[in-house]
Amino acid sequence: QVQLVESGGGLVQAGGSLRLSCAASGRTFSRYAMGWFRQAPGKEREFVAAISWSGASTNYADSVKGRFTISRDDAKNTVYLQMNSLKPEDTAVYYCAADRKKTFSGVTHLQSEYDYWGQGTQVTVSS
């Protein structure tokens, strides 16, 4: 069992930056692929970014490419989402998730592939 706790959300003006963190419990964090998803009011939850357990592969939604960066620090059992050039349409609850099934460089954007989820952190971007 893995528990995930997100932090770092808040209110920021358009064009600003935030860094989200997701702290994981458990000794096997380094073998989990990790992902970030988000859900805006009235919309379905959508994929944002993912990173393989090796860190060798990453994947991003088109809407955040070039602005967001996912990274991980296995020594701290933490995955990060650096968000730059934020837009009002980035406003959402952001969730991290862990996938225990992927191999060395595997990543996926499919929510159904993820085994564990955090409770989410709110990001609000004002115009």
Side-chain angles (χ1 to χ4, degrees):
Q1 188 75 10
V2 173
Q3 290 187 324
L4 305 173
V5 179
E6 302 96 335
S7 62
L11 174 64
V12 63
Q13 288 188 329
S17 298
L18 282 175
R19 188 177 80 157
L20 305 184
S21 300
C22 173
S25 65
R27 293 175 294 177
T28 56
F29 170 79
S30 61
R31 288 297 181 264
Y32 293 146
M34 300 296 295
W36 284 98
F37 294 80
R38 66 186 182 186
Q39 186 167 20
K43 295 187 177 181
E44 294 187 351
R45 190 163 57 187
E46 64 177 6
F47 170 75
V48 176
I51 186 167
S52 63
W53 66 253
S54 66
S57 299
T58 57
N59 189 19
Y60 295 93
D62 289 343
S63 59
V64 306
K65 278 181 182 176
R67 299 189 298 123
F68 290 12
T69 302
I70 189 170
S71 62
R72 64 189 299 153
D73 185 342
D74 290 345
K76 296 182 178 180
N77 276 15
T78 301
V79 63
Y80 303 99
L81 185 68
Q82 178 66 45
M83 305 187 295
N84 299 328
S85 302
L86 283 161
K87 305 175 182 179
E89 50 264 44
D90 294 318
T91 294
V93 177
Y94 283 71
Y95 300 90
C96 71
D99 177 356
R100 61 183 177 179
K101 301 177 294 294
K102 292 297 180 287
T103 56
F104 184 80
S105 59
V107 290
T108 182
H109 63 284
L110 298 175
Q111 297 184 48
S112 59
E113 290 290 301
Y114 288 84
D115 302 289
Y116 306 104
W117 292 83
Q119 294 300 306
T121 185
Q122 175 71 47
V123 171
T124 303
V125 184
S126 63
S127 57

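Summarising the geometry, atom CZ belonging to R19 is positioned 14.5 Å from atom CZ belonging to F68; distances are rounded to the nearest 0.5 Å. Here CZ of R72 is found 9.0 Å from CG of N77. Values are rounded to the nearest 0.5 Å. A distance of 9.5 Å separates OG1 of T58 from NZ of K65, quoted to the nearest 0.5 Å.
Other residues, nucleotides and ligands contribute more than 12 heavy atoms inside 6.0 Å of the CD atom of E89. Annotation: K101, atom NZ; neighbour count of heavy atoms from other residues, nucleotides and ligands within 6.0 Å is above 12. When the shell of 6.0 Å around CD of Q39 is examined, it contains more than 12 heavy atoms from other residues, nucleotides or ligands.
Across every non-hydrogen atom of L18 and L86, the tightest pair is N-CD1, 3.9 Å. Minimum heavy-atom separation, S30 to D74: CB-OD2, 3.5 Å. When all heavy atoms of P88 and S127 are compared, the pair lying nearest together is CG-CB, 3.8 Å. The heavy-atom pair separating L11 from S126 by the smallest distance is CD1-CB, 4.3 Å. Here the shortest heavy-atom pairing between M34 and A98 reads SD-CB, 3.6 Å. Of all heavy-atom pairs between L4 and A24, the closest is CD2-CB, 3.5 Å.
With a 4.5 Å cut-off on side-chain heavy atoms, I70 and V79 count as touching. Within the 4.5 Å cutoff, no side-chain heavy atoms of E6 are placed close to those of L20. You'll find the side chain of V2 stays beyond 4.5 Å of the side chain of F29, heavy atoms only. Taking the side chain as every heavy atom from C-beta outward, V123 and T91 never approach each other to under 4.5 Å.
Y60 and Y94 fall within the same hydrophobic cluster, defined by Ile, Leu, Val, Met, Phe, Trp and Tyr side-chain heavy atoms under 4.5 Å apart, directly or through other members. Residues V12 and V48 share a single hydrophobic cluster, defined by chaining ILVMFWY side chains whose heavy atoms lie under 4.5 Å apart. Linking Ile, Leu, Val, Met, Phe, Trp and Tyr residues whenever their side-chain heavy atoms come within less than 4.5 Å places V64 and I51 in a single cluster.
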Assess whether side chain to side chain contact (heavy atoms under 4.5 Å, CB included) is satisfied between T121 and V93, documenting all intermediate values. CA-CA 5 Å; T121 185; V93 177; over 6 Å; no
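Side-chain atoms of K102 do not come within 3.5 Å of backbone N or O of T108 as any donor-acceptor pair.
The side chain to side chain donor-acceptor pair (under 3.5 Å) analysis of residues 44-53, with sequence neighbours excluded, yields the pairs R38-E46, R45-Q111, S52-S54. Residue pairs that meet the disulfide bond (SG atoms under 2.5 Å apart) test with at least one member in residues 68-124, sequence neighbours left out, are C22-C96.
Under the salt bridge (Lys or Arg N to Asp or Glu O under 4.0 Å) criterion, K43 pairs with no residue, sequence neighbours left out.
With R100 as the fixed residue, the side-chain hydrogen bond (donor to acceptor under 3.5 Å, both in side chains) test singles out one of Y114, Y32, Y116: Y116.
D90 and K87 are not joined by a salt bridge, as no carboxylate oxygen comes within less than 4.0 angstrom of a charged side-chain nitrogen.
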